[in-house]
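Data first, discussion second: the structure below is written as structure tokens.
Protein chains get the first letters and strands the later ones, always in sequence-line order, with residue 1 at the start of each. If you're wondering where the values come from, they're calculated on a predicted model, not measured in any experiment.
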2 protein chains.
Amino acid sequence: MARLAGVSEATVSRVLNGVGPIKEQTRARVMEAAKALNYVPSALAQGFARKRSGNLGVILPLLPKVNLFSTHYFSELLSGIGATARRYGYDLLLLFREPDEPREYERLFQAQKIDACLILGAQDVEPERLALAELAAAGRQFCLVSQRFEGAGYNTVDADHREGTRAAVHHLLDRGYSRIWFLNGPSSYSNSADRLQGYQEAMLERGASFEPGHVLIGNYSRTSGYRLSAEIERRIRSGEADAIVAGSDRMAIGVLQGLKEKGLLAGRDYGLVGCDDSEGAKLTEPMLSSVAVPFYEMGCQAADQLLAPLAKGETSSSFQLKLPVELIARGSSGG
Amino acid sequence: MARLAGVSEATVSRVLNGVGPIKEQTRARVMEAAKALNYVPSALAQGFARKRSGNLGVILPLLPKVNLFSTHYFSELLSGIGATARRYGYDLLLLFREPDEPREYERLFQAQKIDACLILGAQDVEPERLALAELAAAGRQFCLVSQRFEGAGYNTVDADHREGTRAAVHHLLDRGYSRIWFLNGPSSYSNSADRLQGYQEAMLERGASFEPGHVLIGNYSRTSGYRLSAEIERRIRSGEADAIVAGSDRMAIGVLQGLKEKGLLAGRDYGLVGCDDSEGAKLTEPMLSSVAVPFYEMGCQAADQLLAPLAKGETSSSFQLKLPVELIARGSSGG
DNA sequence: AACTTTTATGTACGCGCGTACATTTTCGCA
DNA sequence: TGCGAAAATGTACGCGCGTACATAAAAGTT
């Protein structure tokens, strides 16, 4: 390669990396030789010399077991991350984490498999806190997506779920519903706390009362919503409830199906709003009103915030982004 | 590290890789030192020395634009691949391909970013054929998932889609439907040809006639099914058709929704069966009968076939797997 | 024309591991 | 006890790049 171009390996390296002053004629000769030989530098050797892998790690829970993620959430987010990473010349290293497996995030950095990483589906549990603290202590570049840890100051990209449920409640109130119950997910996700807060705020803002007993807890799965539909039916028939805001579309759909079997129709007999605006929201009868979350955009932002400084060699400043959500009104809320 | 254990770097390497004869006492000392220093070998340096990256490439079309994949398909497959890869100590390198981008698969191998790769969503078009031929010529380890190229002898893992639509047709015939139309996807996917063949076979087997005019073409998206529902309505009302087999759940759902708006209910006014048994199949009213495809298992198999030989250092033999599918009968076929 | 900058290129080395080969130690057996 | 074989470990080098430093060529400057 260097021989064919009649220059030293160092010059080849300079040309290919655009480093230092190069005579135009030399550059042309090198490029020509590279093309002639179909030369592709070894990313392995480059990485070894530069001490960086060129990979952006994406850590996520193994999907089949996980209810937090709709596959919609997951694939939109990943697409956004992938599209952005490639713009920076980074590749995506995907890491599925088994549920009970130790969270050895720091090890990935030590092994130099990744230069930065995004963590999806993090939970506020002790092992997670420790693993993140370890990353922070080592000065690693990482970002939590859709999960915040209060007080820790970690990089975060999240959606404004608080505003989402707030809008959902206002919407239902505007539609004439007044006894709105809330079906939330596990409290180990900051999303859940955010949504609860939005629900509470909205109820109080509009002179409705906030009753802790009007909050039910599922696990974000359709099945959990379906199971709770029995209790919800009683509350509706007794006049205690006339509308539900659910923390995920999947739970909302479970509720919708469960109540339908019991003769209660969303949009006619009660109001229902979900969260995520997943594909399924358009498949139910009636269609499900939902809080749309810009997953793709969140993926882009998270990757961008992490990679932009790395690419420029700058030291990155910390960030906590919260992207806006949008209520999509459909039939299930009488719309 | 070597110093702390009182041995040479070579011995450390041998212990950590389990190579060559090692005195038990030495092994213990090295392991102890490694633990004490929290030593993690650099995968970058290892890869450089071994000339292998330890990464399994997964190439897939950028999702938002793609109708072939339901997100369900995608995430199940990926989970299976991920779970299997990790068993072999491999990591997943995810590569989103922009629709009109050149398919530079071989370059990934040359750059040593990956040791083997799985290709999802391949199409039988000229650039794809060239890119695959290039891989094969270079002797790369790769596997096509859910797409075959006849005559090329490439490694493949697919589902038995032919048997799937065959079963769907038989099921509809058993239910008393007789004028069954077929809604297929683009012919650049081998899936489409397989399904068409299954449809044709089943019709002829049971003494029904095969009419090429009874095959409609969509693009696997819900919207395309929805659009074609106008024509399907006419065929049903005219008595030319009384049931539909669709090549994807998404198209089937589009049809179901379109016909419902026109007053025709699946399972009552006509029979409908989809393919993939995606999440959405359980969300429609009535629920959608569908051909279940073992995506997760396909991902496992594809990764396993590729990595098992690599891990053992053997030369891998070629493989063409076709996994069985299963018809799930639900309300849309009168079940 | 001689000297100083600036520009362009070559030389030499290291990154952290794996491994062939050399060397030393241990063991079996005469 | 001695000697050969096997086991255990050390030594030395290379993998293919990037880059600091040395050097050479070109361009100004007086």
Side-chain angles (χ1 to χ4, degrees), chain A residues 1-34 37-55 89-91 106-115 138 310-313, chain B residues 1-34 37-55 89-91 107-115 310-313:
Chain A
M1 166 68 197
R3 223 177 44 226
L4 194 148
V7 299
S8 73
E9 281 297 345
T11 300
V12 171
S13 173
R14 280 188 278 254
V15 169
L16 265 42
N17 292 298
V19 172
I22 298 285
K23 198 186 289 184
E24 184 48 40
Q25 174 192 344
T26 308
R27 179 194 311 280
R29 277 219 313 282
V30 170
M31 297 306 275
E32 196 176 342
L37 296 175
N38 194 22
Y39 171 80
V40 178
S42 161
L44 227 42
Q46 286 183 322
F48 181 52
R50 292 184 178 130
K51 299 177 181 307
R52 24 158 277 150
S53 65
N55 294 332
Y90 271 77
D91 288 305
E106 168 62 8
R107 171 173 292 262
L108 291 166
F109 281 96
Q110 290 180 241
Q112 298 182 281
K113 290 269 348 179
I114 58 177
D115 302 333
L310 273 190
K312 292 182 202 154
Chain B
M1 168 66 198
R3 224 177 44 228
L4 194 148
V7 299
S8 72
E9 281 297 346
T11 300
V12 172
S13 173
R14 280 189 277 254
V15 168
L16 266 40
N17 293 297
V19 172
I22 297 284
K23 198 186 288 183
E24 184 47 41
Q25 174 191 345
T26 307
R27 178 195 313 279
R29 277 219 314 281
V30 171
M31 296 306 275
E32 197 176 340
L37 295 175
N38 194 21
Y39 171 81
V40 178
S42 162
L44 227 42
Q46 285 184 322
F48 181 53
R50 292 186 179 129
K51 299 178 180 307
R52 22 158 279 147
S53 64
N55 293 332
Y90 271 76
D91 288 305
R107 170 173 296 259
L108 291 166
F109 281 96
Q110 290 180 240
Q112 298 182 279
K113 289 269 351 178
I114 59 177
D115 301 334
L310 272 189
K312 292 181 201 154

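- Boundaries of the chain B contact region on DNA chain C are C:dG16 to C:dA20, first to last in 5' to 3' order (nucleotide atom under 4.0 Å from a heavy atom).
- Against DNA chain C, the stretch residues 12-24 of chain A makes heavy-atom approaches under 4.0 Å through A:Arg14, A:Pro21, A:Ile22, A:Lys23.
- For the residue pair A:Val19 and A:Ile22, the shortest heavy atom distance occurs at O-CG1, 4.2 Å.
- With sequence neighbours excluded, the residues that form a side chain to side chain donor-acceptor pair (under 3.5 Å) with A:Ser42 are B:Gln112.
- By the 4.5 Å heavy-atom criterion applied to side chains, A:Arg52 and A:Tyr90 are counted as neighbours.
- Residues that satisfy the side chain to side chain donor-acceptor pair (under 3.5 Å) test with B:Gln46, not counting sequence neighbours, are absent from this structure.
- Scored by the side chain to side chain donor-acceptor pair (under 3.5 Å) test, A:Gln110 finds no partners at all (sequence neighbours excluded).
- Across every non-hydrogen atom of B:Lys51 and A:Leu44, the tightest pair is C-CD2, 4.4 Å.
- Side chain of B:Asp115 to main chain of B:Ser53: a donor-acceptor pair is present (N/O by atom type, distance under 3.5 Å, no hydrogens or angles).
- By the side-chain contact (heavy atoms from CB on, under 4.5 Å) test, A:Ala28 pairs with no residue at all, sequence neighbours left out.
- Comparing the start and finish of the helix from C:dA1-D:dT30 to C:dA30-D:dT1, five pairs each, the helix axis swings through 40°, to the nearest 10 degrees.
- Scored by the side chain to side chain donor-acceptor pair (under 3.5 Å) test, B:Thr11 finds B:Ser8 as partners (sequence neighbours excluded).
- Residues satisfying the salt bridge (Lys or Arg N to Asp or Glu O under 4.0 Å) test with B:Arg107, not counting sequence neighbours, are B:Glu104.
- Residues A:Ala10 and B:Thr26 both approach DNA chain D. Their nearest nucleotides, taken by heavy-atom distance, put B:Thr26 toward the 5′ side.
- In the region residues 37-53 of chain B, proximity to DNA chain C at under 4.0 angstrom, judged on heavy atoms, holds for B:Tyr39, B:Pro41, B:Ser42, B:Ala45, B:Gln46, B:Phe48, B:Ala49, B:Arg50.
- Sequence neighbours left out, the pairs with a member in residues 4-25 of chain A that pass salt bridge (charged side-chain N to carboxylate O under 4.0 Å, His left out) are A:Glu24-A:Arg27.
- Every ring-ring contact (aromatic ring centres under 6.0 Å, His included) that B:Phe48 has, sequence neighbours left out, goes to A:Phe48.
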